[in-house]
Amino acid sequence: MHHLFGLSCKDITRLVSESMDHTLPLIQRIKIRIHLGMCKYCARFEKQVRLLRTVYQKHEKVPSEAALSAKARERIRHALHASAADQ
């Protein structure tokens, strides 16, 4: 586990997840970019989360009869955030 500027890989994965939902302060974005440039594991995590988000967004455009219910989507979203926080 890498520590840079007081941020561990666990911190970075949490921030990467948060950055998908809203814009983080500039200093946090800089710390994330530096860490991702040095840590292949966190860089891989970010790539996977972005891919999952892209797939999810495309899935949301599927006609409603083939889409997941709002309750199911919320359970998945919660599980993804909880999983990212545990890492």
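Keep in mind that this is a model prediction, so the values were computed, not measured.
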> Where do Asp11 and Leu7 come nearest, in terms of heavy atoms and distance?
Replying inline: OD2-CA, 3.5 Å
>> On a heavy-atom basis, which atom in Cys42 and which in Thr13 lie closest, and how many Å separate them?
In response: SG-CG2, 4.4 Å
Table please: side-chain donor-acceptor pairs of residues 20-28 below 3.5 Å, with sequence neighbours left out.
from	atom 1	to	atom 2	distance (Å)
Asp21	OD2	His81	NE2	3.3

> Under the side chain to side chain contact (heavy atoms under 4.5 Å, CB included) criterion, do Glu18 and Leu15 qualify, and how do the steps go?
Replying inline: CA-CA 5 Å; Glu18 284 182 27; Leu15 290 171; 4.2 Å; yes
> What residues, two or more places apart in sequence or in another chain, satisfy salt bridge (Lys or Arg N to Asp or Glu O under 4.0 Å) together with Arg29?
Replying inline: none
> How far does OG of Ser17 sit from CD of Glu46, to the nearest 0.5 angstrom?
Replying inline: 10.0 Å
>> Check Glu74 with Arg77, please: is the shortest side-chain N to carboxylate O separation under 4.0 Å?
In response: yes
